[in-house]
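Proteins get letters first, then strands, A, B, ... in listed order; numbering begins at 1 in each. These values consider heavy atoms only, across backbone and side chains, with no hydrogens, waters or symmetry-generated copies.
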Number of protein chains: 2
Amino acid sequence: MNLKQLSHMLALSQTTVSRALNGYPEVNEETRRRVVDAAKRHGYRPNPSARRLATGKTGMIGYVLPTGTTVDIDPHFVEFLSGLGDYARSHELDLVLSPADADDQETTYRRIVANRQVDAVYISSPRPADRRVALVNTLGIPFIVHGRSEGFDFDYPFTDIDNEGAFHEAARLLVQLGHRRLALINGDDRETFAIHRERGVRRALAASGLVLRDQHVCSLTMTEENGYRAARRLLEQSDAPTAIACSSLIMALGVVRAVRDLGLTIPGDLSLIAHDDVFPWLKPENFSVPLSTTRSSIRLAGARIAERLAARISGLEEGARGEVWPVDLVVRGSVAGAPA
Amino acid sequence: MNLKQLSHMLALSQTTVSRALNGYPEVNEETRRRVVDAAKRHGYRPNPSARRLATGKTGMIGYVLPTGTTVDIDPHFVEFLSGLGDYARSHELDLVLSPADADDQETTYRRIVANRQVDAVYISSPRPADRRVALVNTLGIPFIVHGRSEGFDFDYPFTDIDNEGAFHEAARLLVQLGHRRLALINGDDRETFAIHRERGVRRALAASGLVLRDQHVCSLTMTEENGYRAARRLLEQSDAPTAIACSSLIMALGVVRAVRDLGLTIPGDLSLIAHDDVFPWLKPENFSVPLSTTRSSIRLAGARIAERLAARISGLEEGARGEVWPVDLVVRGSVAGAPA
DNA sequence: CAAAATCACCAAAGCGCTTTGGAAGACTCT
DNA sequence: AGAGTCTTCCAAAGCGCTTTGGTGATTTTG
């Protein structure tokens, strides 16, 4: 059932039927009812390929997926996707993942924009002066950045959490508890979020005349194994930290294992605070010693970004407004006063 | 730069240019070279929207993503995606995720097929007599099932791992080590993979005149918390098992925690084998006691399924061939002889 | 009451590609 | 040399929608 057939059986022109269906004003309400009714009865759905050729609108949002045999997709992605998908569904948007060589995403961005394959894109895990952000900005496709980049001569729209504030609060608490030697087990420090978190910790320490020593900060991809390694390296130093702030729950698993291997205890010998993106399958309260966390649902962020993308596509949102969400500090058993 | 312009500057018809570019035989090789060369020089790329309207081919593979505020996407998905994406990239395929109400995916499948939004789809986490499989089979779109369904009067193409064999082997090993009371901490037993795993364990036990008692099998979604709960329930029974087979590494984390909480040890009091889908961020060899596993890379499965989908789209693969991959049994420190 | 404005509709021209149905010229064969 | 066969190309017809640029009929205005 296509437009031609439908308009023929209604004895109307394609123009009128199309307009009736798309809510244009220049059609009699009575006629519109007839059309809408007939369309529903016959299950008419405009062919998206045709519509897309005519209008350029696709009803899809895009994401360039870095791939490669040695490239791992962040496990956070799936949780983000839950939120994004949940919102997208309610607005009849699909998500297209365009796999790209991790070392050459530009080609793919250019392709999906030149071909008008999607109405908008989002960018995640941005770095300072991220080339992708500059690129999509000049390409002129609507976009939202999940996280923040820095150092451009233009503004851009983003949704981020207050990573600096979160880790500032976490570190401040630890300092207040008497800790003098703090360490940070961070994610990849080429990414902005990691830089912000480190900055937060440093600022909190500085406020008490302390410093974050270089050998007390580790930046690694967020795996259990790296958490373990980092923790061992830190805890076997002569001036081992008495408290650790950790960028991910998965790494925290490794930290806990290292602590146990070394015959230490939490929070007796070491206080631990980790960032929690809120996974359904791994909860900080279920750690052997319930884990204090800075908490922010990455799923909510996904939903929010879908919402903003939809708004930008339909022209409801404009400009380069960035939004920064506050992060909860949730205190549980893994923190205590510094050991004597 | 579109076809019209390009053909005009070549003083050729659109027909010839189109055919030259698409490798049709009825064009002079010399002409083809000229055309291909000019196309490259001017960066001509056929508009996919137009092509898809004309041919119906989209260059995209589809996946219906069940969503909802209470619906969690399986963390395995992201690893599967890595493999799929890596292959898809090399074949210029994009992946479109169509979010659907988890309770009504049928509407979405019908839509993407009716609208010809994708060239093929894949289905994951199938259940016995899975309606999605029956649906896509009748809708006539190329598809591959990741995993297996059962109980149809038709065959269908799938790629699955030998879940039954894997857990049969695991259980057999445990029995050989003298264990008489085995337990199974399984995933959601409405899904085929869980049923097969249970079957494998039962078969191994039966071969030695043993049975898997009902109170020794737990079927839950695969979270750390559920692993913990299941393990506690099992180990606090009067006839607690001396060995556990576990369907996921994430659940195994919970099992290990429960064992520790109860003051027991692995493998002294309990032998443990878990299934490992091979995540980069959580490795069985890094458990406090290195974990024995049945191992199969879900990432490889993703790549394989992309490969088969591409083959079916291009007509290279036909028929309903199902393939079943063997699973490695990797023995590490978490298994030992049954306690006296 | 004539002129202007509004209403409700339509024919046809895109959007940019693929594919059908030739057709002209070159080549082969008897 | 004439018929048949390739080879190589083209004009034009889709694919199914949106949108432009109207046209009569009806209502409003000065």
query = How would nucleotides 5-13 of chain C be written as a contact map, 5' to 3', with B for base contact, S for sugar-phosphate-only contact and - for no contact, using protein heavy atoms under 4.0 Å?
reply = ---BBBBB-

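- Residue A/Asn2 has its side chain nearest to D/dC17 when only D/dC15, D/dC17, C/dC17 are considered.
- Phosphate contact (OP1/OP2 of D/dT19, side-chain N/O of A/Tyr24, threshold under 4.0 Å): present.
- Dashed line: the shortest gap from a side-chain N or O of A/Asn22 to OP1 or OP2 of D/dT18 is under 4.0 Å.
- Going from atom CZ of A/Arg45 over to atom P of D/dT18 covers 13 Å, rounded to whole Å.
- Annotation for B/Gln5: atom CD counts as buried by contact number, over 12 foreign heavy atoms lying within 6.0 Å.
- At least one donor-acceptor pair under 3.5 Å links the side chain of A/Arg312 to the backbone N or O of A/Gly319.
- One atom, CG of A/Asn47, and another, P of D/dT18, lie 10 Å apart when rounded to the nearest Å.
- One interatomic measurement links the two molecules: CD of B/Gln5 to C1' of C/dC17, which rounds to 13 Å at whole-angstrom precision.
- A/Asp119 has its side chain within reach of A/Lys57: a pair of non-hydrogen atoms, C-beta onward, lies under 4.5 Å apart.
- A salt bridge does not link B/Glu30 to B/Arg34: none of the charged nitrogens lies less than 4.0 Å from a carboxylate oxygen.
- If you measure from atom CG of A/Leu3 to atom C1' of D/dG14, you get 16 Å, rounded to the nearest angstrom.
- Side-chain contact between A/His146 and A/Leu84 is absent, with no heavy-atom pair separated by less than 4.5 Å.
- Enclosure of atom CZ in B/Arg321 by more than 12 non-hydrogen atoms of other residues, nucleotides or ligands within 6.0 angstrom is indicated.
- Taking the side chain of A/Leu53 as heavy atoms from C-beta on, and the options C/dT18, C/dG16, D/dT18, the nearest nucleotide is C/dG16.
- Rounded to 10 degrees, the angle separating the terminal helix axes of the helix from C/dC1-D/dG30 to C/dT30-D/dA1, each built from five base pairs, is 40°.
- Which of C/dG16, D/dT19, D/dC17 sits closest to the side chain of B/Ala54 comes down to C/dG16.
- Within the structure, a side-chain polar atom (N or O) of A/Tyr44 is placed less than 4.0 Å from OP1 or OP2 of D/dC17.
- Minimum heavy-atom separation, A/Arg132 to A/Ser125: NH2-O, 3.2 Å.
- In this structure, the NZ atom of A/Lys57 is 18 Å from the P atom of C/dC15, given to the nearest Å.
- For B/Leu21 and C/dC17, the CG to P distance is 10 Å, given to the nearest whole Å.
- In this structure, A/Tyr122 and A/Tyr63 have parallel ring planes: the angle between them is below the 30° cut-off, well short of the 60° mark.
- Between B/Phe152 and B/Tyr156, the angle of the ring planes goes over 60°, which puts this pair in the perpendicular group of the 30/60° scheme.
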